[in-house]
Amino acid sequence: MIFLLLACTAGKDTGLDTELGKIVAERGGETAAVNVPVAFGYHFGGKAIFFFGGNPSGSCEDAAEYLKSSIFDPSDLLAAGTCQASILMTYDGEEVSYQNDLANVTLSLGCAMDSGAWVFETRDDEDYYYSGSWWQGHPDEFSVTVGPGEGQDYSISMDMDQYSGGFIYEELEAAPASGTVSGTFSATFCEDLKYADIFAL
């Protein structure tokens, strides 16, 4: 299913439990909040991966398992009515900023719109699927700045407001979305993210 301590820890409060914004689908006004109660990151060999979900119970281990091609119940990581985001980018450990730079940044979003729950069932494959409307996409334009934060943490700032994507389990038609998402948050070093499928690409 897809699209900072040196060991995995339980979910850590980033100090930013408020919303960075909301993403609203043009199809029917389906909505999900972009919250960052916990976020995780890892960098090595000139690239980095960052991930956050909307459930404060999410852990480093949860994030790593979710980003693998394996069956995984994401209930503790992804809350109904919220979005998750993954960022794969060129990064060497020093502060860097990118704007609309698709050569160096891949920013993906998945949103559990409105109400629903994670249910184990067979669709294309057996897996856990969101019973509500699951929207998946990416920003049409973005800016992102990443640098070392306090201790081993990362500091991440991002800004975006228009999105391309769709309800990938419902229809093939494009379903654009909008909504300003902007703010700064910290991400905890999570070594297990080196096993994420997208980091290995």
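The analysis underlying the following values was restricted to heavy atoms, covering all of them including side chains, and did not include hydrogens, waters or symmetry mates.
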Should Trp135 and Val119 be counted in the same cluster of Ile, Leu, Val, Met, Phe, Trp and Tyr side chains packed under 4.5 Å apart?
-> no
Side-chain donor or acceptor of Asp197 paired with backbone N/O of Ser69 under 3.5 Å | yes
Compare every heavy atom of Pro37 with every heavy atom of Gly53, then report the nearest pair and how far apart it is.
-> O-CD, 3.5 Å
Can you see which heavy atom on Ala39 is nearest to which on Val36, and at what distance?
-> CB-CG1, 3.8 Å
How about Val181 and Tyr163: do any of their side-chain heavy atoms sit closer than 4.5 Å?
-> yes
Compare all side-chain heavy atoms of Ile23 with those of Met113 and state whether any distance is below 4.5 angstrom.
-> yes
Hey, are the side chains of Trp134 and Ile168 touching, using non-hydrogen atoms and a 4.5 Å cut-off?
-> yes
Where do Ser164 and Asp140 come nearest, in terms of heavy atoms and distance?
-> OG-OD1, 2.6 Å
Shared ILVMFWY cluster between Phe199 and Val96, side chains joined below 4.5 angstrom?
-> yes
Give the minimum heavy-atom separation between Lys22 and Ala33, together with the two atoms involved.
-> CG-CA, 4.2 Å
Does atom CD of Glu26 have more than 12 heavy-atom neighbours, drawn from other residues, nucleotides or ligands, at distances under 6.0 Å?
-> yes
Should Trp118 and Tyr129 be marked as a ring pair (Phe, Tyr, Trp, His ring centres under 6.0 Å) after you check the CA-CA gap, both sets of side-chain angles, and the distance that decides it?
-> CA-CA 5 Å; Trp118 293 98; Tyr129 294 91; 8.4 Å; no
Tyr130 backbone acceptor or donor facing Tyr169 side chain under 3.5 Å = no
According to the interplanar angle, ranging from 0 to 90°, do the rings of His43 and Tyr91 count as parallel (below 30°), tilted (30 to 60°) or perpendicular (above 60°)?
-> perpendicular
Any side-chain heavy atom of Arg27 sitting closer than 4.5 Å to one from Glu170?
-> yes
Would a 4.5 Å heavy-atom cut-off, applied to side chains only, mark Phe52 and Ile156 as touching?
-> no
Same hydrophobic cluster for Tyr195 and Phe40, using side-chain heavy-atom links shorter than 4.5 Å among ILVMFWY?
-> no
With distance as the sole criterion, is a donor-acceptor pair present between the side chains of Asn35 and Thr82 under 3.5 Å?
-> no
Side-chain donor/acceptor of Ser157 to backbone N/O of Ser155, under 3.5 Å = no
Spacing of Leu193 atom CG and Leu67 atom CG [to the nearest 0.5 Å] = 6.5 Å
To the nearest 0.5 angstrom, please state how far the OG1 atom of Thr180 sits from the CD atom of Gln162.
-> 8.0 Å
With a 3.5 Å cut-off and no angle check, do the side chains of Asp159 and Ser182 form a donor-acceptor pair?
-> yes
Do Leu172 and Phe167 belong to the same hydrophobic cluster, where Ile, Leu, Val, Met, Phe, Trp and Tyr are linked whenever their side-chain heavy atoms lie under 4.5 Å apart, directly or via other members?
-> no
Supply the atom-to-atom distance Thr106 OG1 to Leu88 CG, rounded to the nearest 0.5 angstrom.
-> 5.5 Å
Does the Asp161 side chain pair with the main chain of Gly179, one donor and one acceptor, at a distance under 3.5 Å?
-> no
Taking C-beta and beyond as the side chain, do Leu77 and Glu65 meet within less than 4.5 Å on heavy atoms?
-> no
Are Phe72 and Asp62 close enough, and set up right, to give a side chain to side chain contact (heavy atoms under 4.5 Å, CB included), and what steps lead you there?
-> CA-CA 9 Å; Phe72 173 70; Asp62 290 335; 3.8 Å; yes
Can you name the nearest heavy-atom pair linking Ala79 to Ala112, along with the distance?
-> O-CB, 4.0 Å
Does Met89 belong to the same Ile/Leu/Val/Met/Phe/Trp/Tyr cluster as Phe142, with side-chain heavy atoms less than 4.5 Å apart forming each link?
-> yes
Straight-line distance of Asp92 CG to Lys47 NZ, nearest 0.5 Å = 14.5 Å
Carefully, step by step, assess Val34 and Leu109 under the rule side chain to side chain contact (heavy atoms under 4.5 Å, CB included).
-> CA-CA 10 Å; Val34 182; Leu109 299 158; 5.7 Å; no
From CG (Leu107) to CD1 (Ile87), nearest 0.5 Å = 4.5 Å
Side chains of Tyr42 and Asp192: closer than 4.5 Å at any heavy-atom pair?
-> no
Look only at the side chain of Asp73 and the backbone of Tyr128, and say whether a donor-acceptor pair between them is shorter than 3.5 Å.
-> no
Taking all heavy atoms of Ala80 and all of Gly116, pick out the closest pair and write down the distance.
-> CB-O, 3.5 Å
